[in-house]
Each structure stands twice: as C-alpha cells, then as structure tokens.
Amino acid sequence: MAGASRPVEPTDVSGGGFSPPGIRCGNCRTAAIISRSSLHLDPLMLDPALLRSHLADTAARLRQTRGYALDVATIEALESSRKQLAMQTQELQNRRNTRSRAIGQAKGRGEDVAPLLAEVAGLGDQLKANEQALAEAQVKLAQIALGIPNLPHDSVPVGKDEADNIEVSRWGRPREFEFSVKDHVELGERHGWLDGDAGAKLSGARFTVLRGQLARLHRALGQFMLDLHTTEHGYLECNVPVVVNADSMQGTGQLPKFEEDLFATEVGETKRYLIPTAEVSLTNLVRDTIQEADALPLRLTALTLCFRAEAGSYGRDTRGMIRQHQFEKVEMVQIARADQSHAQLEEMVGHAESVLQKLGLPYRKMLLCSGDMGFTAVKTYDLEVWLPSQQTYREISSCSNCEDFQARRLQARVRNLDSGKPELVHTLNGSGLAIGRTLIAVMENNQNVDGSITVPAALRPYMNGVERIA
RNA sequence: GGAGAGGUGGCAGAGUGGUCGAAUGUACCUGACUCGAAAUCAGGCGUAGGUGAAUAGCCUACCGUGGGUUCGAAUCCCACCCUCUCCGCCA
C-alpha cells in the first residue's frame, strides 16, 4: 500500500525504452530534476558514492536483489565527463572572477582597462559552452539516478516475488463459520449499502458509493484509527493537501518513474498530482529542512483520500472495493535519525498491528523479499488480513523504512548533536490502515447467518453504541 | 478576477553594477573578567561541490526560481512562483 510499492521491473536504463517524462516543476517551467538540485547537488537517490566509488559492486547488488540492470558503462562515461567538465568550468569561472576583479580595481584607480578587457574576450562564450555541457551531463546522470531503486537492507531475504516473502507471525484464528460465508459485495448490496453501479455511473470502473450504516461504519473506522494513533501511539494528527506539485511527487519517489500510476490535474500551465498515499504529503513536510536531533523521531499521521490509476492491474480484483481508484487511508509517517530508524520500523508495524488486534481481525505479518519491495524501501513488512470469502490473507498495511533514499531527494536533514553537521534523516511510512480494505475485513469476518454484521466493540463508541448493523 | 507592496544568512534588517558570501543588530558557540551568573570585552558562527590525510587551507556555486544584458549582477531587464494589503467573489 505504500507509494510506488509495486515491484520494480528490470529496466535497462540505457536502452531506448527509458524516456524521462517531461516533468514540470511546480514553481517554474523547467524540468523538476534540474530545478530542485540547482545542478550542484547530486540529485541522486542512492548515495552518490555508490555510483562513483563502488559502481560495479552496486550494480551487482541491484541485479541480485532487485533484478535491476544498471548500465555501468554509460554511468562511468557520463560520470567521468561530468567530472572533467566540472573542473574545467570551475577553472574558467575562477579566471573570469579574478580578471573581472582586476578590471574593477583598475577602473577604481582610473587606469585604462582596454588591455584587460581584451584579455578576457571570448572567455564568456567558452564558459557558457562549458556550463551547458556540464548541465547536460548532470541531467543525463540525474535521469538515470532517479530511476534506480533503493538497495535492500541486509536483513531482507533475497527473492523474486511474493512467493519468496517470509511469514514472521500470525495473530488471531480465522473464525469457523457454520454457514456459507458471503463476500463483502453480497453483504453490502443487500441494503444498497455498497453500490458499484452508482460508482460506475458517476465516475467509472473502480469507484464505489457507500450508503447508510455501512458508510457510517466506514467513517467510524477512520475516526477510530486516527484516535488510536494520536492518543496511544504518539502521532501528531495532520490535515494535508491531497493535490501536490511535481516536486513533492519526486521527493518521495513517485516521479519520474511512476507517473502512469497517478491521477493528475492541469490548471493553466500548472500540473499537479493527486496523492496515491498521504506518505507523499506527510513526508514532504520535512523537505528542505534541517531538524533538531532531539526532536526526532517525528510521528505524523493523517486520514486522507488516496488516488491510484491502477494502470496495469486491469484484470485483478475487479469485484467489490478491494482495489479502487479512490480510497481512504490512515497513514503513519516517521522521520527518524539514522541510528534509530530500524527500531522505529518495528514500532510502527506494531502500531498497525494494534489496529487489527483491537478490531479482532486475524492477520499475518510478512517480511517482504527484495524483489517484492517498493521502489523506495530498504525493508518492508506487510500485514495481511484474513478474508473468509477468499479463504486467504490480503494486504491491508505496508510499513517501510526508506532510510535516506527519500531524504536525499527531499534534502531532509537533521543536525548531528556531536558534530553540529547536517545529516540526512531516515524516513518511514506505513498504513494504519487502509480503510476500505479494513471495512471489507470487518464485514466478512463479523457477518452473521442473516447477513447482518456485528460491530466490533472498539468501533461502537463511534457508532452511537450500535452493536449490529442489519 | 482587479489594484498595489514585497521575497537577502536561525530571526530582524542594510545593500540599486566592481575585493559582497554579503554591513549591522539579535540568537547561538568559545575565551577573558567573576566564587558563580548577569552585564561588558575579544573571537567564532550558513549550505553544497571540487582538491586535500584533514572536521586545515585553497577553488567554485548559492541573496524566491529560471533566463537575459555585462569583463563583472543581490543590485539592471524578462518570465514564472510565493507572501502580504485593499476591492470583488466564494465554502
């Protein structure tokens, strides 16, 4: 459920297939990847050192863990020309600066500056050409770098797809029904509670209308989760934009690589995107900031709508509201110091588990293998809830540690207490939980033989004490 | 939508073509004075890249963003973004 959490396909970045989308920065008309870095930062996602000093090793690790083909030769060529151009440019700038200063001083003394001017003739054009060539090399490198996925943590099992994920634990026992279970669609359609046709009429496939008691139960779930995280888990409730600019999408890694998964709006010249998860809004809050070390970890939560184009999943989960273009989710985000981020990940998974436990929903906790993890993550746990109608566990939460991968794009830093120097923070995100899927799980697991649904005790305060909806 | 003002270092605030990466104040750090503190005095105090063993020097870039003029731009020109004030409209 995390942003850009679909598996990354092997990509040859040098091949004709890779064409960077024409992203426009929210604040200007130039490509976001250029503007954000001002071309003197390395707009990379991985530590630049990994692509310079340890390129071969990095390529091997990416291939082994992610099935990702890094074009070593192209990067090496670009990097060496970039480096040479950078040094030449600096030298030219140095020459221009010293000469110009001399001209200024000579003028101040009333001397003739003509010979000095002659000396500097042509320097400007040369410098301009150099700067342009340097910018081109940097953009090319950035385009490659922005498409490289994160390297998995050592504790992550190497594997190809979801079949290689590891079950860490299970909680609760699937209920044994003495009648034949109905799925959430059948349960919901009885009273017009859940209306896919109405959703299709208004918007199209993968949109749903909820009504009556079920709409209320849906609302109750969001309130319950938000209250739990803010009062018991120490999160700061945030209300954030769900329409964001390209810089934000690039900061958390949705752009440039996953544009086709996003809904977008265009008003005049300005293109904005609908968030696929509140991870985008919450994590971007620390973009271009330097946090104080003792303020970390930051724990942020928000209940928002999420929008996903679901491109490339046309045949999957077409029935009901498992996979929607629009859904609600309570998201947890933590901004942590490097030395604490993995402990924070364990804590955050616990927060998501606590929601399921309080609702009495059986689930299992999976450690994702390297090939099944999202683009930005170094380590991900998925929580999968039991769905009686499918006799299987389905993803309902995904909690990831991105370490400094997003932070590097975001320039989100923390001041080291000892050295006083800024260092990249680590960012974590997790669903706590996806509300639509939680609603499905509550309906199916708590159904009665007459089609009514028992409201979990934890939700009754949010349902005016109602114990059963029928 | 109309009219106007403005974006400079953590904050405040100078600077309208030439040693300006940027005065000054304030905050912060170090030292002196003090039993200690306050006050006072002296010094330091941005981020990033390159080159260094170096958290030393030296070089380069950064004054909302991008582009232009110029030997030289915080300063002049153009476009855009954002903020504020007034009017209109709107939940």
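Chain naming here is simple, since letters A, B, ... match the order of the sequence lines and numbering starts at 1 in each.
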(request) Just call it for Q105(A): base, sugar-phosphate, or nothing, with non-hydrogen atoms closer than 4.0 Å on any strand. (result) base
(request) Take atom CZ of R101(A) and atom P of rU70(B), then tell me their distance rounded to the nearest Å. (result) 21 Å
Show the atom names and distances, to 0.1 Å, of all donor-acceptor pairs under 3.5 Å that link a side chain in residues 289-299 of chain A to residues at least two apart or in another chain.
from	atom 1	to	atom 2	distance (Å)
T289(A)	OG1	V286(A)	O	2.7
T289(A)	OG1	Q291(A)	NE2	2.9
R299(A)	NE	E347(A)	OE2	2.9
R299(A)	NH2	E347(A)	OE1	3.1
R299(A)	NH2	E347(A)	OE2	3.4

(request) Using the salt bridge (Lys or Arg N to Asp or Glu O under 4.0 Å) rule, collect all pairs that involve residues 105-123 of chain A, keeping only residues at least two apart or in two chains. (result) R99(A)-E119(A), R109(A)-E111(A)
(request) Could you check which of rA48(B), rG50(B), rC71(B) has an atom nearest any side-chain atom of V120(A)? (result) rC71(B)
(message) Could you tell me if T427(A) and Q406(A) have a donor-acceptor pair between their side chains, going purely by distance under 3.5 Å?
(response) yes
(request) Answer with yes or no whether the side chains of N97(A) and S100(A) bring together a donor and an acceptor at under 3.5 Å. (result) no
(message) Can you tell me how far apart OG1 (T376(A)) and CD (E279(A)) are? Round to the nearest 0.5 Å.
(response) 5.5 Å
(request) Begin from the C-alpha positions of K128(A) and E131(A) and carry the test salt bridge (charged side-chain N to carboxylate O under 4.0 Å, His left out) through to its verdict. (result) CA-CA 5 Å; K128(A) 197 170 286 183; E131(A) 283 173 340; over 6 Å; no
(message) So R95(A), base contact, sugar-phosphate only, or nothing? Heavy-atom distance under 4.0 Å.
(response) nothing
(request) Write down the distance between CG (N416(A)) and C1' (rU47(B)), rounded to a whole number of angstrom. (result) 16 Å
(message) With a 4.0 Å cutoff (strictly under), does any side-chain N or O of R415(A) reach OP1 or OP2 of rC45(B)?
(response) no
(message) If the cut-off is 4.0 Å, is K128(A) near the phosphate of rC71(B), judged by side-chain N/O to OP1 or OP2?
(response) no
(message) Within the 4.0 Å heavy-atom criterion, would you say K83(A) contacts the bases, only the backbone, or no part of the nucleic acid?
(response) sugar-phosphate
(message) Can you check the distance between rU85(B) and rG68(B), where both ends of the measurement are the P atom (answer in whole Å)?
(response) 36 Å
(request) Taking Watson-Crick and G-U wobble pairs with both distances under 3.5 Å, convert RNA chain B into its dot-bracket string, 5' to 3', dots for unpaired and | for cross-strand pairs. (result) ((((((((.[[[..)..(.....]]].(((((.......))))).((((((.....)))))).[[[[[..)....]]]]])))))))....
(request) Round to a whole Å and report the spacing from CG of N245(A) to P of rU65(B). (result) 16 Å
